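First the structure, in the form of structure tokens, and then the observations on it.
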Amino acid sequence: MDQLERTVRLVRDVVGPELLGTYLHGSAVLGGLAPASDLDVLAVTRRSLGDRERRALLDGLLEISGLTPSVRPVELTVVVRSEVRPWRFPPVGDFLYGEWLREDLRAGGPPRPCPMPDLAVALTVVLAGDHPLTGPPPAELLDPVPHADLVRASLAGVPELLTALDDDTRNVLLTLARVWNTAATGTIRSKDAAADWALAHLPPEHRPVLEHARQLYLTSSYQDEVWSAGLRARVRPHVDAVLARIDGLRGRRDGSRDGSRDGRQDGRQKDTV
């Protein structure tokens with residue numbers, strides 16, 4: 001049994017009849033898994049998980065997920081249908097597991113419900129990918145995310161993302177390229193495709209670090225990530241150049257809302273990506 005099957009079985013066994021559906025998203029539906037890609041799964045439930053269910057999911061995922069050449073990281077998001085349908089921003093996620101949270105969750109216990117603006121991105125990919133693992137097509141359970149909220153969610157997590165620049169350079173650079181692409185075009189591309197788009201819009205002096213990050217993404221695991229001193233010195237100037245372009249789009253978008261409605265629904269506010 002592979003990791004995806006084990007993850008779906010874990011969710012089904014723990015949640016039982018309250019599970020409405022499980023859906024593949026992320027890189028797997030945006031062009032294919034790269035060597036370091038997560039297995040991204042969204043589960044939709046009728047009600048919020050109980051404490052025992054949260055503990056059982058966490059314990060199971062700590063065994064299934066990993067960061068070795070033979071074990072992929074698993075990202076599992078659980079949402080209660082009534083929290084995302086009808087849509088409002090930011091949505092509330094009921095449970096989130098990812099490898100970057102492993103040590104915090106081990107120390108602090110299973111994840112609790114909280115606002116997760118970046119669910120706007122995940123739900124958009126789920127709907128576009130249309131890849132049920134269990135349950136009906138996702139459009140039967142989920143509302144489409146308004147364009148403005150998709151862009152809003154993409155922009156919101158940039159400050160937190162930048163805190164990981166030194167430790168997770170490849171992922172940060174590729175994610176920034178995707179944020180820029182989504183803010184500019186309203187579409188969500190795979191990380192390598194977003195990097196291709198960004199490279200075509202960057203001046204030559206800012207391309208080498210993103211080209212290297214893209215190559216690492218396509219060919220190697222996180223353990224094999226290597227940056228030369230020369231490239232490392234060019235990371236921050238590249239980031240500053242991308243941020244300037246993102247800020248320009250943010251300013252243009254904010255200015256366009258003066259005295260007009262952008263179709264967003266009012267809701268609870270928290271910034272992440």
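Position 1 is the first residue of the sequence; numbering continues from there. All of these numbers come straight from a predicted model, not from anything done at the bench. Scope of the values below: all heavy atoms of this structure, side chains included, with no hydrogens, waters or symmetry mates.
Cluster annotation: Leu39 and Leu96 are assigned to the same hydrophobic cluster (Ile/Leu/Val/Met/Phe/Trp/Tyr, side-chain heavy-atom contacts under 4.5 Å, transitive). Both Val11 and Val14 are members of a single hydrophobic cluster when ILVMFWY side chains are connected at heavy-atom separations under 4.5 Å. Leu58 and Val80 fall into different hydrophobic clusters, defined by Ile, Leu, Val, Met, Phe, Trp and Tyr side-chain heavy atoms under 4.5 Å apart, directly or through other members. When the side chains of ILVMFWY residues are joined at heavy-atom separations under 4.5 Å, either directly or via intervening members, Leu123 and Leu141 end up in a single hydrophobic cluster. Clustering ILVMFWY residues whenever any of their side-chain heavy atoms sit less than 4.5 angstrom apart, transitively, puts Leu10 in the very cluster that holds Val41.
Arg55 and Asp51 are not joined by a salt bridge, as no carboxylate oxygen comes within less than 4.0 angstrom of a charged side-chain nitrogen.
Side-chain N or O atoms of Glu140 include none that pairs as donor or acceptor with a backbone N or O of Pro137 at under 3.5 Å. Without hydrogens or angle criteria, Arg72 side chain to Gly66 main chain gives no donor-acceptor distance under 3.5 Å. Looking at Arg170, its side chain does come within 3.5 Å of a backbone N or O of Leu216 through a donor-acceptor pair. A donor-acceptor pair under 3.5 Å is absent between the side-chain atoms of Arg178 and the main chain of Ala193, judged by distance alone. The backbone N or O of Gly230 lies less than 3.5 Å from no partner atom in the side chain of Arg234, so there is not a single donor-acceptor pair. Formation of a donor-acceptor pair under 3.5 Å by the Gln3 side chain with backbone atoms of Ile64 is found in this model. Of the possible polar contacts, none joining the Arg112 side chain to the Pro110 backbone as a donor-acceptor pair under 3.5 Å is found. Between the side chain of His131 and the main chain of Leu24, no donor-acceptor pair closer than 3.5 Å is present. A donor-acceptor distance shorter than 3.5 angstrom exists from the side chain of Arg54 to the backbone of Pro111, with no hydrogens or angles considered. At distances below 3.5 Å, not a single donor-acceptor pair connects side-chain atoms of Asp38 with backbone N or O atoms of Asp40.
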Worked verdict on Glu83 versus Arg88 for side chain to side chain contact (heavy atoms under 4.5 Å, CB included): CA-CA 8 Å; Glu83 292 290 349; Arg88 62 272 202 189; 3.4 Å; yes
Worked check of side chain to side chain contact (heavy atoms under 4.5 Å, CB included) between Leu19 and Arg12: CA-CA 7 Å; Leu19 178 65; Arg12 187 175 59 239; 4.3 Å; yes
Going through the distances and angles, do Arg245 and Leu202 end up as a side chain to side chain contact (heavy atoms under 4.5 Å, CB included)? CA-CA 10 Å; Arg245 286 155 177 80; Leu202 282 170; 4.3 Å; yes
Does the side chain to side chain contact (heavy atoms under 4.5 Å, CB included) test come out yes or no for Glu75 and Trp100, once each step is laid out? CA-CA 9 Å; Glu75 182 176 328; Trp100 75 95; 3.5 Å; yes
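Of the inter-residue distances, the one linking Leu174 atom CG with Arg214 atom CZ reads 9.5 Å to the nearest 0.5 angstrom. A distance of 6.5 Å separates OG1 of Thr134 from OH of Tyr23, quoted to the nearest 0.5 Å. How far CG of Asp196 is from OG of Ser190: 8.0 Å, rounded to the nearest 0.5 Å. To the nearest 0.5 Å, atom NE2 of residue His206 and atom CG of residue Asp240 are 8.5 Å apart. Here the CG-CG distance, from Asn171 to Leu173, works out to 9.0 Å after rounding to the nearest 0.5 Å. Note that CZ of Arg6 and CZ of Arg9 are 10.0 Å apart. Values are rounded to the nearest 0.5 Å.
Scored by the ring pair (Phe, Tyr, Trp, His ring centres under 6.0 Å) test, His201 finds Trp197 as partners (sequence neighbours excluded).
When each of Val151, Val126, Leu150 is checked for a side-chain contact (heavy atoms from CB on, under 4.5 Å) with Val121, only Leu150 meets the rule. Each of Val44, Val84, Leu49, Val79 was compared with Asp94 under the side-chain contact (heavy atoms from CB on, under 4.5 Å) criterion, and only Leu49 meets it.
Between Pro91 and Pro115, every side-chain heavy-atom pair lies at or beyond the 4.5 Å cut-off. Using a 4.5 Å heavy-atom threshold, the side chains of Arg207 and Leu210 count as separate. Using a 4.5 Å heavy-atom cutoff, the side chains of Phe89 and Leu119 are not in contact. Counting heavy atoms from C-beta outward, Cys114 and Val92 have side chains that stay 4.5 Å or more apart. Contact check for Thr187 versus Thr182: no side-chain heavy atoms found under the 4.5 Å cut-off.
Shortest non-hydrogen contact noted between Leu42 and Leu142 is CD2-CD1, 4.1 Å. The two residues Leu62 and Arg102 have their closest heavy-atom pair at O-NH2, 3.2 Å. For the residue pair Ala43 and Thr22, the shortest heavy atom distance occurs at CB-CG2, 4.0 Å. When every heavy atom of Val74 is checked against every heavy atom of Tyr97, the shortest pair comes out as O-CD2, 3.4 Å. Closest approach of Ala183 and Leu155 over heavy atoms only: CB-CD2, 3.9 Å. Nearest heavy atoms, Leu176 versus Leu162: CD1-CD2, 3.9 Å.
For Trp87 and Asp149, the side-chain atoms include at least one donor-acceptor pair closer than 3.5 Å. Counting only N and O atoms by type, the side chains of Thr45 and Arg47 include no donor and acceptor under 3.5 Å apart.
Counting non-hydrogen atoms of neighbouring residues, nucleotides and ligands closer than 6.0 angstrom, the CZ atom of Arg81 reaches no more than 12 such neighbours.
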